[in-house]
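Note that the numbering runs from 1 along the sequence shown for the chain. Computed over heavy atoms, backbone and side chain alike; hydrogens, waters and symmetry mates excluded.
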Amino acid sequence: MFTLNIELRSELGKSASRRLRHGNTVPAVIYGGKQSPVSIQLNQDELLQAESKAGFYANPLTLMVNDQAIVVKVQAVQRHPFKPKFQHLDFLRVIS
């Protein structure tokens with residue numbers, strides 16, 4: 001199973017997301033279950049390294065925020081048109 005460290009996002013919108021991407025961070029959202037959606041940000045380099053390993057899209061991921069674990073699966077990915085970078089990710093909570 002993969003484990004990634006995340007941070008919660010306080011600023012939302014197009015310009016805030018652009019600032020994140022320029023800072024080598026990827027905006028993302030976690031949704032699903034009975035909880036409300038959560039806007040997060042991930043490190044681009046950590047994400048690219050995890051994605052290069054087999055099973056990244058098939059297996060559940062563990063996202064760690066403030067010592068709290070959230071188990072998710074990758075639902076949707078938006079990539080940069082010609083650079084090997086992520087633009088945005090959607091994660092779906094895994095309910096057990």
Test of understanding: with side-chain contact (heavy atoms from CB on, under 4.5 Å), list the residues that count as partners of N24, not counting sequence neighbours.
N43, Q44, D45

Without swapping roles, check the side chain of R79 against the backbone of Q87 for a donor-acceptor pair under 3.5 Å.
no

Before giving the answer on side-chain contact (heavy atoms from CB on, under 4.5 Å), spell out for E11 and R19 the whole-Å C-alpha distance, their side-chain angles and the decisive distance to 0.1 Å.
CA-CA 10 Å; E11 294 182 17; R19 283 191 296 270; 2.8 Å; yes

Nearest non-hydrogen partners of L92 and G32, listed with the distance
CD1-CA, 3.9 Å

Measure the shortest side-chain to side-chain distance between M64 and T3 over non-hydrogen atoms and say whether it is less than 4.5 angstrom.
yes

Summary of salt bridge (Lys or Arg N to Asp or Glu O under 4.0 Å) pairs that have at least one residue in residues 52-64, sequence neighbours excluded:
none

For a quick test of reading the model, state the closest non-hydrogen atom pair linking S36 to R93 and the distance between them.
O-NH2, 3.1 Å

How long is the gap from CG on L20 to CD on Q41, to the nearest 0.5 Å?
5.0 Å

Say whether, by atom type as modelled, one donor and one acceptor occur between the side chain of S52 and the main chain of A50 under 3.5 angstrom.
no

Where R21 and P27 come nearest, the two heavy atoms and their spacing:
NH2-CG, 3.8 Å

Quick one: hydrophobic cluster around L89, which other residues, with the 4.5 Å side-chain cut-off, linked directly or via members?
F2, L4, I6, L8, V26, I30, V38, I40, L42, L47, L48, F56, Y57, L61, L63, V65, I70, V72, V74, V77, F86, F91

Heavy-atom check, side chain of V29 versus side chain of H88, under 4.5 Å
yes

For N66, I'd like to know if atom CG has over 12 heavy atoms of other residues, nucleotides or ligands within 6.0 Å.
no

